[in-house]
Amino acid sequence: MRSPLRYVSKHQMVYTIGSSTSLKELKQIHTHLLVNGHLNDSNFSGQFVAAIALNNHKNINYSEKVLDQWETPTMFCLNSMIRAHSKSSTPERSFLYYNKILRSSDHISPDNYTFNFLVRACTQHLTRWSGPTVHGLVIKHGFECDPHVLCGLIRMYAELGGLDSCFRMFGLVRNPDLVCQTAMISACAKCGDFGSARELFDAMSQRDTWAFNAMISGYAQCGQSKEALRLFRMMQLEEVKIDDVCMVSVLSACSHLGASDHGRWAHAYIERHKIPMTVTLGTALIDMYAKCGNISKAMEVFWGMKEKNVYTWTCAMNGLAMNGAGHKCLELFSLMKENGISPNGVSFVSILRACSVVGLIEEGHEQFVSMKRVYGIEPLAEHYGCMVDLYARSGRLDDAVNIINNMPVTPHAGAWGALLNACKLHRDKELGELAARKLIQLEGSNHCAFVILSNIYSDSRDWARADNVRQTMNAKGIKKKPGCSVMEVDGEVHEFFVGDTSHPRYGDIKVKLEEIYSNLRLSGYVANTKPDSLYRHSEKVAIAFGLITVKQVVPIRIVKNLRICWDCHDLVKAVSKIYNKEIIVRDRNRFHHFEDGHCSCSGYW
DNA sequence: TTAGGGTTAG
């Protein structure tokens with residue numbers, strides 16, 4: 001954004017061209033300037049065009065029309081147009097103005113500004129050829145040593161995934177400053193090379209807010225949430241200024257961990273330090289509360305926000321769907337449309353999931369159809385996956401198969417996985433076998449598919465095939481992804497892995513588990529499996545730990561990395577009744593609120 | 001009278 005252009009006329013009339021200037025106002029100002037001959041001054045006219053194009057992208061067309069009327073626009077003007085387009089949704093139009101410079105009869109040639117903006121345009125509009133082509137032009141015109149251009153090239157190659165090229169550009173910068181070093185850290189993180197990113201970060205003689213933010217957001221985005229929070233603590237110790245962008249990443253890390261104490265603390269920190277509540281920060285707060293199972297607080301933040309964008313609405317809808325409040329999610333969707341916000345593809349994932357969790361099949365179908373018909377959004381594989389889930393989990397397996405057979409994109413693992421889960425739920429052996437085989441074709445190391453396929457054969461007493469599947473698994477070295485439950489007690493994050501006895505309080509946990517088991521037996525709960533299986537699943541161990549450490553009035557909150565199994569689900573229901581304890585489990589897909597022997601998912605998950 | 005680094009939803 002450029003600062004508004006203010007112009008005072010001879011009659012002391014003040015004209016301002018800023019981000020809120022409407023097209024009508026622009027036309028009035030333009031007429032005034034033309035009548036008074038002010039546009040004959042090439043410096044002033046350049047500023048005029050730049051102000052229109054840069055302050056509001058919606059007015060780019062108007063600035064183009066103004067510019068087209070001039071035979072010899074200045075370099076400043078043309079560079080400003082390249083810059084404006086590089087930041088807009090039409091970056092490819094930057095090249096139009098680059099060509100105007102080349103073809104200019106005014107003997108001007110592109111300068112360092114031109115290439116800086118042109119490289120940015122390429123980063124916005126990446127095609128395989130455009131980036132390297134512009135890099136070639138940079139070399140041809142002798143700007144490969146310009147630090148601004150090089151910094152832009154680092155970002156561009158990072159988008160292309162060419163980390164080697166990023167390092168090559170970085171190597172060409174003499175004495176890289178903070179800005180350039182941060183760009184390089186960010187490039188490493190974007191390409192997934194966190195080791196190099198951290199090496200560069202640790203080697204910096206001075207680290208500012210931006211450098212920390214690049215590193216923290218990198219960790220947060222790749223799921224290394226504990227490391228992100230650790231770095232945030234380091235930032236506080238080094239007394240580096242913490243801003244809204246930093247807090248967005250911190251909240252995102254809390255969301256992943258389901259660390260509600262950390263999240264609440266972060267919220268308090270934002271308020272205490274008067275960090276500006278931007279739309280992005282508010283949205284991150286909603287997401288954090290929703291993913292920590294506190295949907296009422298999430299909605300409180302949502303209703304309190306003055307400005308909301310499509311991310312904000314979608315985040316709230318997703319939170320409601322995850323928490324099983326499908327009807328409320330659909331109500332919110334209506335309200336979103338009434339507020340003039342158009343949904344996008346991600347919004348529809350939440351909407352279709354909302355229909356799925358409450359079993360609204362016809363509604364889901366109508367929403368799916370409206371996606372393309374009303375909003376012109378082409379459904380992606382994941383939307384078809386949601387439809388497969390919607391039909392299959394309600395037992396309409398034939399309809400689910402129809403969706404898979406008729407989807408215009410190749411059915412992905414998500415679609416077959418949804419069908420497979422439903423086949424297990426509705427005990428359809430043949431279809432389950434087909435789904436498992438398809439899933440294995442797509443994901444050769446999908447542990448769940450092998451296990452379910454083996455179970456399907458065992459159920460039909462086809463021991464030879466069941467054994468064969470197990471042997472294939474062993475031969476391929478396919479191991480179950482280790483189940484892990486995370487819980488936060490008194491601000492500390494505890495992780496429990498399957499069969500892991502390393503927790504300092506494991507002795508107490510074991511005693512508690514035995515007590516739970518004996519209470520369950522006394523109350524008539526019959527475990528599906530032998531007593532030693534009690535220790536097997538991480539969520540059971542976490543619940544025992546929660547019963548020891550969490551105060552009676554506070555619910556136990558657990559985040560599980562995989563889907564919760566039937567056995568654990570039944571057990572948690574029983575524990576919630578016998579111990580009169582609210583237990584909230586977030587599994588890979590959704591929330592389960594257990595209270596008084598019932599779960600909010602009503603058996604749908 | 002134009003430049004460079006960090007942020008949100010599946």
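We name chains A, B, ... by the order of the sequence lines, and we start the count at 1 in each one. The figures here come from the full heavy-atom set of this structure, side chains too, leaving out hydrogens, waters and symmetry mates.
- Close to B/dT8, at under 4.0 Å from its OP1 or OP2, lies a side-chain N or O of A/Q221.
- Out of B/dG5, B/dA3, B/dG4, the shortest distance to the side chain of A/R83 is found at B/dA3.
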Show every donor-acceptor pair shorter than 3.5 Å between a side-chain atom in residues 182-192 of chain A and any protein atom, with sequence neighbours excluded, or say none if there are none.
| residue | atom | partner | partner atom | Å |
| --- | --- | --- | --- | --- |
| A/T182 | OG1 | A/L178 | O | 2.6 |
| A/K190 | NZ | A/E159 | OE2 | 3.1 |

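- When the side-chain contact (heavy atoms from CB on, under 4.5 Å) test is applied to A/H135, the partners found at least two apart in sequence or on another chain are A/I139, A/E144, A/L153, A/Y157, A/M169.
- Looking at A/D587 and A/H592, their side chains do bring a donor and an acceptor atom within 3.5 Å of each other.
- At a cut-off of 3.5 angstrom, the base of B/dG5 holds no donor-acceptor pair with the side chain of A/N213.
- Across all strands shown, A/L178 has heavy atoms under 4.0 Å from base atoms, whether or not it also approaches the sugar-phosphate.
- Under the 3.5 Å distance criterion, the side-chain polar atoms of A/T90 are left unmatched by any main-chain donor or acceptor of A/R93.
- Applying the 4.0 Å criterion to OP1 and OP2 of B/dG5, one finds that A/R155 has a side-chain N or O inside that range.
- Regarding A/W313, its CH2 atom lies at a distance of 19 Å from the C1' atom of B/dG10, rounded to whole Å.
- To the nearest 0.5 Å, atom NE2 of residue A/H383 and atom CZ of residue A/R353 are 10.0 Å apart.
- A/S347 comes within 4.0 angstrom of nothing in the nucleic acid, heavy atoms only.
- Computed from coordinates, the A/Y289 OH to B/dT8 P distance equals 19 Å when rounded to whole Å.
- Listed by chain and residue number, A/D193 satisfy the side chain to side chain donor-acceptor pair (under 3.5 Å) test with A/S196 (two or more places apart in sequence, or in another chain).
- Only A/N112, A/Y113, A/N116, A/F117, A/R120, listed by number, bring a heavy atom of residues 112-122 of chain A to less than 4.0 angstrom from any atom of DNA chain B.
- In this structure, the CG atom of A/L281 is 12 Å from the P atom of B/dT8, given to the nearest Å.
- Across the protein-nucleic acid pair, A/H148 atom NE2 and B/dA3 atom P stand 9 Å apart, rounded to whole Å.
- Contacts of A/F194 classified as ring pair (Phe, Tyr, Trp, His ring centres under 6.0 Å), with partners at least two apart in sequence or in another chain: A/Y219.
- Residue pairs meeting the salt bridge (Lys or Arg N to Asp or Glu O under 4.0 Å) criterion with at least one partner in residues 200-209 of chain A, sequence neighbours excluded, are A/R198-A/D202, A/R207-A/E238.
- For A/T283, counting side-chain heavy atoms from C-beta on, the closest listed nucleotide (B/dA9, B/dT8, B/dT2) is B/dT8.
- Judged by distance alone with a 3.5 Å cut-off, no donor-acceptor contact links the side chain of A/N79 to the base of B/dA3.
- With B/dA9, B/dT7, B/dG5 as the choices, the nucleotide that has an atom nearest any side-chain atom of A/T280 turns out to be B/dT7.
- For the pair A/I216 CD1 and B/dT7 P, the interatomic distance rounds to 12 Å; values are reported in whole Å.
- Between A/S217 and the phosphate of B/dT7, there is a side-chain N or O to OP1/OP2 separation shorter than 4.0 Å.
- Atom-to-atom, CE of A/M81 to P of B/dA3 comes out at 15 Å; the value is rounded to the nearest Å.
- Summarising the geometry, the separation between CG on A/L320 and P on B/dG10 is reported as 14 Å, rounded to the nearest angstrom.
- Of the residues in residues 225-249 of chain A, A/D243, A/V245, A/V248 come within less than 4.0 Å of DNA chain B through at least one heavy atom, sorted by number.
- For the pair A/K291 NZ and B/dA9 C1', the interatomic distance rounds to 7 Å; values are reported in whole Å.
- For A/K328, the side-chain contact (heavy atoms from CB on, under 4.5 Å) criterion is met by A/L320, A/A325, not counting sequence neighbours.
- Donor-acceptor pairing under 3.5 Å, judged by distance alone, is present between the side chain of A/D208 and the base of B/dG5.
- When distances are taken from the side chain of A/N344 to each of B/dG4, B/dA9, B/dG5, the shortest belongs to B/dA9.
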List the atom pairs, with distances to 0.1 Å, where a side-chain N or O of residues 333-346 of chain A and a protein N or O form a donor-acceptor pair under 3.5 Å, not counting sequence neighbours.
| residue | atom | partner | partner atom | Å |
| --- | --- | --- | --- | --- |
| A/S334 | OG | A/L330 | O | 3.3 |
| A/N339 | ND2 | A/L335 | O | 2.8 |
| A/N344 | OD1 | A/V346 | N | 3.0 |
| A/N344 | OD1 | A/S347 | N | 3.0 |
| A/N344 | OD1 | A/S347 | OG | 3.0 |

